[in-house]
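Comments concern the structure below.
What's counted below: heavy atoms across the whole structure, side chains too, no hydrogens, waters or symmetry copies.
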Amino acid sequence: MSRRLLALLAGLVALVAVVAISTVVVLGLRDSPPGSSSGPVEDPGDPAWDVAVSTPVEDSYYPDHGDPGVDALHYGLDLTWEPDTATLSGTANLVLRATTAADHLQLDLLDALRVSRVEVDGTEASYVQGDQHLVVSTDVVADQRLLVRVVYAGTPAPVSAPTVRADVPTIGMNVTATGELWTMQEPYGAFTWYPVNDQPSDKALYDVTVRTPSDWVGVSNGVLESRRTDDGHTVTRWHLDQPAASYLTTLAVGDYVETTATSPSGVPLSYWTHRGDDRARAALAATPRIMAWNEAHLGPYPFASLGIVVVDSESGMETQTMITLGDTGYALSAPVVEHELTHQWYGDLVTPTDWRDLWMNEGLTMFVQGVYQAHTDGTSIDAVMQQWSAFDAQLRQASGPPGAYDPGQFGEGNVYYSPALMWNQLRHRVGDQEFWSLVRAWPAEHAGESVTRAQYYAWLEDRTGLRLRGFFRAWIMGATTPQS
């Protein structure tokens, strides 16, 4: 997630002075109304889902979200938004894998989205909904795969975010004054619009159908496979062909206009801006140039397409293949676009297993943004890092070390700037050529995975031949800035 980095920089400087499978058949998306039990049914045993097999864990920071007993393989979401009644109706066809023997399956789902029916492998099942969870009664054994269908409806709403940041006081689905929808949901918040195992160690494939009033359109992750008008509604079908963590999904509904382009390397680009918003469309025209710069440093873009949707927010989010940006000058600026684009490699393609390792997403991404800033400003990388190093001590004191931050201060500057400084020190230690080789190789070799810091440390030591554990411990867990 990007933040008001420039404002933070200014404020903290003053204080010193005083964040693969393209052939999967689209299944589980129905043209019948949500709530109908007709339509195609997935085969939970289909090997197409194997790419999404994960090893879910209980999050050390936010254990109330996600259940390690569930491994979601595929979400087939069929959604209808009626702004006149502020009602989101959905049928979720979920391919789930039980990771252990149990007498139930637990998913995260906002209480306001009331469930009316649950089926397990085509048979109606009993369930209990409450405390932001949906518990489905069914006996399972380890590694068993099931098709769970959940029919629900209600008015979505965001929930309080575990942060003190002003630009993201809440996370999850928002309803605007004009009845439009948009969401940003890091570290959790997907449960505010669909039943989900809402923790980053569990990646899954997605197919999403969205029905909106005919003069609006629904935007989600992946490739837009079809768009049509049906009975007074615009119906869009979206297909995401590589596994994604739930916090990286997006949904926006409104009076959007699509502008298309192509990156210099041939990646299809689409920008979804509100009708008449020439400012946002003009700002996003820089995306092909930014994409070329990123690919030169990080390697080929790792997904089939890239989109950007502009929403009524002050922040930005690296939602997979469809970046979500606020409609402010800052959120639409080239550094923020570059930041969220870098996350497609660091955070999206490779994702932390646990939220204590948010620094793995944001630190390298922030460093790359610093390199981009040096490039555009005509200065050196070290000059940018020297500016940032001035307030590292204050960040650690205020929010904790990057790898042991205060859980109530999610996404603060300590997970951005402090590890960015660390990566610059590693760059000096190994040299530019080897450093950028490491930066490109890590996401390429671990595509689609959720990983731990121990895996990352071991990989870097193996690739460099250096003993780096003490170096990482000082930078990631230290209460004070390490000496260079």
Side-chain angles (χ1 to χ4, degrees), residues 21 24-54 67 70-81 88-98 104-110 113-127 129 133-138 140 144-154 156 190-198 202-211 218 220-223 225-226 230 235-246 249-251:
I21 297 177
V24 173
V25 178
V26 180
L27 297 171
L29 299 179
R30 301 172 291 103
D31 290 336
S32 53
S36 167
S37 60
S38 63
V41 176
E42 296 106 328
D43 173 10
D46 192 328
W49 313 130
D50 291 353
V51 69
V53 170
S54 307
D67 186 340
V70 172
D71 176 14
L73 306 180
H74 178 248
Y75 293 91
L77 305 179
D78 191 339
L79 308 171
T80 296
W81 173 242
L88 180 67
S89 304
T91 295
N93 290 316
L94 314 178
V95 178
L96 305 179
R97 182 180 69 89
H104 69 278
L105 296 169
Q106 179 172 297
L107 297 165
D108 303 297
L109 183 63
L110 184 72
L113 300 176
R114 300 307 300 170
V115 173
S116 58
R117 184 178 179 88
V118 176
E119 298 174 6
V120 177
D121 291 336
T123 300
E124 187 170 5
S126 60
Y127 61 90
Q129 183 179 13
H133 293 119
L134 174 66
V135 180
V136 180
S137 297
T138 185
V140 296
Q144 180 182 354
R145 298 188 183 189
L146 310 95
L147 175 64
V148 177
R149 175 171 290 174
V150 181
V151 182
Y152 62 98
F191 80 99
T192 63
W193 59 285
Y194 65 98
V196 58
N197 196 34
D198 214 354
D202 187 4
K203 291 189 172 186
L205 299 166
Y206 282 81
D207 287 288
V208 181
T209 293
V210 189
R211 291 172 179 79
S220 192
N221 304 77
V223 173
E225 294 209 316
S226 67
D230 178 32
V235 183
T236 50
R237 295 164 62 104
W238 298 85
H239 174 58
L240 187 59
D241 66 355
Q242 292 193 44
S246 56
T249 59
T250 194
L251 177 66

Heavy-atom side-chain contact between Asp207 and Arg237 under 4.5 Å: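 They are not in side-chain contact.
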Trp193 side chain reached by Leu77 side chain, heavy atoms, under 4.5 Å: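 Yes; the side chains approach each other to less than 4.5 Å.
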Step-by-step side-chain contact (heavy atoms from CB on, under 4.5 Å) determination, Val208 to Tyr194: CA-CA 11 Å; Val208 181; Tyr194 65 98; over 6 Å; no
Exercise: identify the closest heavy-atom pair between [X] and [Y]:
X	Y	value
Arg117	Glu119	NE-OE2, 2.7 Å
Arg149	Asn93	NE-OD1, 2.5 Å
Val196	Ala190	CG1-C, 3.9 Å
Ala48	Leu205	O-CD1, 4.0 Å
Val95	Trp49	CG1-CD1, 3.8 Å
Asn197	Leu107	N-CD2, 4.1 Å

Can you sort out the partners of [X] under side-chain contact (heavy atoms from CB on, under 4.5 Å), two or more places apart, ordered by chain and number?
X	value
Asn221	Leu240, Thr249, Thr250, Thr319, Gln320, Thr321
Ala204	Ala72, Tyr75, Tyr206
Gln144	Val140, Val141, Leu146

Any donor and acceptor pair, going by atom type alone, linking the side chain of [X] with main-chain N or O of [Y] inside 3.5 Å?
X	Y	value
Trp238	Gly218	yes
Ser54	Lys203	yes
Gln129	Leu113	yes

Tyr152: ring-ring contact (aromatic ring centres under 6.0 Å, His included) partners, not counting sequence neighbours: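 Scan of Tyr152 (ring-ring contact (aromatic ring centres under 6.0 Å, His included), adjacent residues dropped) gives none.
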Residues in side chain to side chain donor-acceptor pair (under 3.5 Å) contact with Asp71, at least two apart in sequence or another chain: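 Counting only residues at least two positions away or on another chain, Asp71 forms a side chain to side chain donor-acceptor pair (under 3.5 Å) with Arg97.
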His133: side chain to side chain donor-acceptor pair (under 3.5 Å) partners, not counting sequence neighbours: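 Scan of His133 (side chain to side chain donor-acceptor pair (under 3.5 Å), adjacent residues dropped) gives Asp108.
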Lys/Arg-Asp/Glu bridge criterion (N-O < 4.0 Å) met for Arg145, Asp46: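 So Arg145 does not pair with Asp46 through a salt bridge.
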Side-chain donor-acceptor pair present, Asp198, Ser246, cut-off under 3.5 Å: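 Their side chains do contain a donor-acceptor pair, which is all the 3.5 Å distance test asks for.
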Euclidean distance, Leu147 CG relative to Leu94 CG, rounded to 0.5 Å: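 So the CG of Leu94 and the CG of Leu147 are separated by 7.5 Å.
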Point-to-point distance, once rounded to the nearest 0.5 Å, from CG of Asp121 to OG1 of Thr138: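 One finds 7.5 Å between CG of Asp121 and OG1 of Thr138.
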Residues Arg211, Asp78; criterion side-chain contact (heavy atoms from CB on, under 4.5 Å); working and verdict: CA-CA 8 Å; Arg211 291 172 179 79; Asp78 191 339; 2.3 Å; yes
Option passing side-chain contact (heavy atoms from CB on, under 4.5 Å) with Leu105 (candidates Val118, Val120, Leu134, Leu96):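 It is Leu96, the one option of Val118, Val120, Leu134, Leu96 that forms the side-chain contact (heavy atoms from CB on, under 4.5 Å) with Leu105.
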